[in-house]
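Worksheet for the structure shown next.
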Amino acid sequence: MRRLGIVVPLALLTSLVVASPGHADPGPPKKAVARGTGGAVTSVDPYATRIGLKVLREGGNATDAAIATAAALGVTEPFSSGIGGGGYFVHYSAKTGKVQTIDGRETAPAAMEHDAFINPQTGKPYNFSPQLVTSGVSVGVPGTLATWQRALDRWGTRSLGRSLKPATALARHGFTVDDTFRGQVQQNEKRFKAFTSTRDLYYAGGHAPRVGSTFHNPDLARTYRLIAQRGPKALYRGRLADEIVDAVQDPPTVRHPHLPVPVGSMVARDLRRYRALDQAPTRIGYRGLDVYGMAPSSSGGSTVGEALNILERYDLSSLPKADALHLYLEASALAFADRNAYVGDPSQVDVPLADLLSDDYAAERACQISGGSTMDKPVDAGDVTSYDGVCGDGGSASTNTIENENTQTTNLTVVDKWGNVVEYTLTIEQTGGSGIVVPGRGFLLNNELTDFSAEYDADDPNRIEPLKRPRSSMSPTIVLKDGAPYVAVGSPGGATIITTVLQILVDRLDLGMSLPEAIAAPRATQQNSAEDLAEPAFVRRYGDALEALGHQVETYEDIFTGTHEIGAATGIELRKDGSLVAAAEPKRRGGGSAMVVTPK
Ligand code: GLU
């Protein structure tokens, strides 16, 4: 792009994106594990990790580095994150010893109807993918930029403008396309070609960006610069806000889009009234540790927390591995039953969070588990109005659906030299979000509202309501030992996020694995359905032993990508000797990138 710079008229530049072939620099080296001191960053992407690390090296703190890293992910991981989306930010302050969180979840417009996801022609919900996800109606009011500003205000030392600078340069100068990036564009071909703006950005020249070419996003660079100058109000008010509203109400479709593209009801006022919320974290005690997570509107903290409370009743470390995994799967099913029955946006639903996270409640839930056989699933939700920790009967009706899960979204973990910690999961929901790039602005809008239940049921805590945040599964988690940070971890993966984080914690805290081993280990997910869905290596290793206990273990397949991978986690462990172990995926999603300030 730079080489065209001055000679190309500005109007042309807006829609032109150059993926220049050949002679590109291969990008920063990618290592999944880094050990050392002085601070660490881990994310799915080496450009983003490197940018965060530079902030730490220059004296920025964990929040400064996290925002710079997240902004860079908006460039190199634009199909999983960006200012068109939302997320949850968890922070440990070395100064106060407190864990605090920000809920930056996308929100339904004020005019969203209960039947917004029902196709008027059929009277039934639109097909989830690609019809419903590719729409204006699924776009929630974005929360990411408000989250960045709020996090910097609360804990950062740098301005938003300064934090956006490295990512702006990355968008302008470009980065080298890898298999994952190209694959995600190709996966979305039909959706991306339905919108002129998205086609022009990701199918410039009629083809997906080639591996090894340099991808530039000058529109995004300009958008970041505008935000750097004017702050978040550049997105939540004024021209860009109007353009977002236009893209939602009248998506920029090609003439014959082959998809219905239902339109949304978002108006400028919805953007103006958006707030990222300071939210108290969830906390449970687990074998002497304190586990902090994200409270509703995410179901991450309550579901991981409840499952851990159930598992705490067993001495997992003394059990054969398959028996421990059996308990992990059973505890997951019980916690998912409760999640589905009770958890929604607390601004509109009365979530019995204290009950769900109480040890007595967990004790009663655990009564249903047997070491030698498997529960019939789906199991009912528990009765939060009456429990005493003693085995008896109980239970209430529960909804049990395996959700549309996949490995979009992204996660990053940062620790700085002072010992502040950030665990941040951010998303635009589906890989490629709604498929709608805001014309001339270089970023995709989310389809987060598809996390609501599609059909309205007044008893469903996750029913559609105006101004409501759809229930999330994002589970950024920070574990403290004796009041000091010990392990921070999070992952993408829709509802599988919960089980991925839980499994990593169990593997690390109970089953003797190092954090890198726990992140690399083969995964399974149990969401209160008859089958456990598992990665092929998990099926091979534990399938027979679990089936002998009555489990039905089946191979997991992502419904969108056809891959068999669950999640793409990152995490950092803070060791007693003051050193750090930063870990990302060695293989999943092409492998992630961990870096430390002073390698050992
Ligand atoms: N929308 C999902 C959630 O909030 C995250 C996206 C994903 O990873 O599927 O739980």
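Just so it is clear, the model here is predicted, and its values are computed rather than measured. Quick note: numbers below take in every heavy atom, side chains included, and nothing from hydrogens, waters or symmetry partners.
- Atom-to-atom distance recorded for Asp270:CG and Leu467:CG is 6.5 Å, nearest 0.5 angstrom.
- Contacts of Tyr202 classified as ring pair (Phe, Tyr, Trp, His ring centres under 6.0 Å), with partners at least two apart in sequence or in another chain: Phe79, Phe192, Phe215.
- For the pair Arg469 (side chain) and Ser347 (backbone), a donor-acceptor distance under 3.5 Å is absent.
- Between Val248 and Leu445, some side-chain heavy-atom pair lies under the 4.5 Å cut-off.
- Under the side-chain contact (heavy atoms from CB on, under 4.5 Å) criterion, Leu412 pairs with Ser43, Ala66, Thr69, Ala70, Leu73, Val414, Tyr424, Leu426, not counting sequence neighbours.
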* For Gln430 and Thr450, run side chain to side chain contact (heavy atoms under 4.5 Å, CB included): C-alpha distance rounded to whole Å, both residues' side-chain angles, the deciding distance at 0.1 Å, then the answer. => CA-CA 9 Å; Gln430 177 95 17; Thr450 58; 5.9 Å; no
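- Judged as a salt bridge (Lys or Arg N to Asp or Glu O under 4.0 Å), the pairs with a partner in residues 75-85 (not counting sequence neighbours) are, in order, Glu77-Arg589.
- No side-chain N or O of Ser491 forms a donor-acceptor pair with one of Thr500 less than 3.5 Å apart.
- Applying the side-chain contact (heavy atoms from CB on, under 4.5 Å) criterion to Ala454, with sequence neighbours excluded, gives Phe117, Pro125.
- Side-chain contact check for Ile572 versus Thr42: some heavy-atom pair is nearer than 4.5 Å.
- With no hydrogens or angles considered, a side-chain donor-acceptor pair links Thr499 and Thr525 at under 3.5 Å.
- Summarising the geometry, atom CG belonging to Leu240 is positioned 4.5 Å from atom CZ belonging to Arg441; distances are rounded to the nearest 0.5 Å.
- Not a single donor-acceptor pair under 3.5 Å links the side chain of Ser213 to the backbone N or O of Pro209.
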* To do: Given side chain to side chain donor-acceptor pair (under 3.5 Å), test Tyr88 with Thr147 step by step and report yes or no.
  => CA-CA 8 Å; Tyr88 297 92; Thr147 304; over 6 Å; no
* Asked: Can His216 and Thr214 be said to form a side chain to side chain contact (heavy atoms under 4.5 Å, CB included), step by step?
  -> CA-CA 6 Å; His216 307 260; Thr214 304; 3.6 Å; yes
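- Shown here is Arg273, whose CZ atom has more than 12 heavy atoms of other residues, nucleotides or ligands within 6.0 Å.
- In this view, Arg154 and Asp278 satisfy the salt bridge (Lys or Arg N to Asp or Glu O under 4.0 Å) rule, not counting sequence neighbours.
- Under a 3.5 Å cut-off, the side chain of Asn446 and the backbone N or O of Gly84 do form a donor-acceptor pair.
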* Would Leu449 and Met112 satisfy side chain to side chain contact (heavy atoms under 4.5 Å, CB included), going step by step from the backbone distance to the final call? -> CA-CA 10 Å; Leu449 302 183; Met112 189 163 191; 3.7 Å; yes
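- Gln279 and Ala295 get closest at one heavy-atom pair: CG-CB, 4.0 Å.
- At least one donor-acceptor pair under 3.5 Å links the side chain of Lys30 to the backbone N or O of Gly590.
- Looking only at atom types and distance, the side chain of Arg191 has a donor-acceptor partner in the side chain of Thr134 under 3.5 Å away.
- The salt bridge (Lys or Arg N to Asp or Glu O under 4.0 Å) search around Arg199 returns none, not counting sequence neighbours.
- Heavy atoms only, all atoms of each residue included: Ala276 and Gly104 are closest at CB-CA, 4.5 Å.
- Side-chain atoms of Asp64 never come within 3.5 Å of backbone atoms of Val55 as a donor-acceptor pair (strictly under, hydrogens ignored).
- Using modelled atom types, one side-chain atom of Asp558 and one backbone atom of Thr561 make a donor-acceptor pair closer than 3.5 Å.
- A side-chain N or O of Asp45 and one of Thr76 form a donor-acceptor pair less than 3.5 Å apart.
- With no hydrogens or angles considered, a side-chain donor-acceptor pair links Thr413 and Glu423 at under 3.5 Å.
- For Arg255, there are no salt bridge (Lys or Arg N to Asp or Glu O under 4.0 Å) partners two or more places apart in sequence or in a different chain.
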* Asked: Could you go step by step and tell me if Val90 and Val422 meet the side chain to side chain contact (heavy atoms under 4.5 Å, CB included) rule?
  -> CA-CA 6 Å; Val90 180; Val422 171; over 6 Å; no
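- To the nearest 0.5 angstrom, Asn127 atom CG is 9.0 Å from Leu132 atom CG.
- Atom CG of Leu271 and atom OH of Tyr236 lie 7.5 Å apart (nearest 0.5 Å).
- Looking only at side-chain heavy atoms (C-beta outward), Leu160 and Pro232 come within less than 4.5 Å of each other.
- Remark: side-chain polar atoms of Asn61 are paired, donor with acceptor, to backbone N or O of Trp155 under 3.5 angstrom.
- Partners of Phe443 by ring pair (Phe, Tyr, Trp, His ring centres under 6.0 Å), not counting sequence neighbours: none found.
- A donor-acceptor pair shorter than 3.5 Å cannot be found between the side chains of Gln184 and Asn188.
- In this structure a side-chain-to-backbone donor-acceptor pair under 3.5 Å is present from Asn462 to Arg471.
- By the 6.0 Å contact criterion, CD on Gln131 is enclosed, its count of non-hydrogen atoms from other residues, nucleotides or ligands being greater than 12.
- The environment of Arg162 atom CZ is sparse: at most 12 non-hydrogen atoms of other residues, nucleotides or ligands sit within 6.0 angstrom.
- With sequence neighbours excluded, the residues forming a side chain to side chain donor-acceptor pair (under 3.5 Å) with Glu189 are Lys193, listed by chain and number.
- Atom CG of Asp103 sits about 9.0 Å away from atom CE of Met474, to the nearest 0.5 Å.
- Gln186 and Ala208 make their closest contact through CG-CB, 3.8 Å (heavy atoms, listed as atom of the first residue, atom of the second, distance).
- In this structure, CD in Glu106 is found 9.0 Å from CE in Met266, a value given to the nearest 0.5 Å.
- Checking side-chain atoms of Thr101 against main-chain N and O of Met294 turns up no donor-acceptor pair under 3.5 Å.
- A search for side chain to side chain donor-acceptor pair (under 3.5 Å) contacts involving His114 returns Glu465, not counting sequence neighbours.
- No side-chain donor from either of Thr477 and Ser475 sits under 3.5 Å from a side-chain acceptor of the other.
- In plain terms, the two heavy atoms of Ile67 and Ala151 that are nearest each other are CD1-CB, 4.1 Å.
- Legend: residues meeting salt bridge (Lys or Arg N to Asp or Glu O under 4.0 Å) with Arg105, ordered by chain and number and at least two apart, are Glu448, Asp451.
- Here the side chain of Asn420 pairs no donor or acceptor atom with the backbone of Ala62 at under 3.5 angstrom.
- Minimum heavy-atom separation, Tyr126 to Pro120: OH-CD, 3.4 Å.
- Salt-bridge formation is detected for the pair Arg222/Asp219: a Lys NZ or Arg NE/NH1/NH2 atom is positioned less than 4.0 Å from an Asp or Glu carboxylate oxygen.
- With sequence neighbours excluded, the residues satisfying side chain to side chain donor-acceptor pair (under 3.5 Å) with Ser138 are Ser135.
- Residue Pro251 comes nearest to Phe195 through the heavy atom pair CB-CE2, 3.8 Å, listed as atom of the first residue, atom of the second, then distance.
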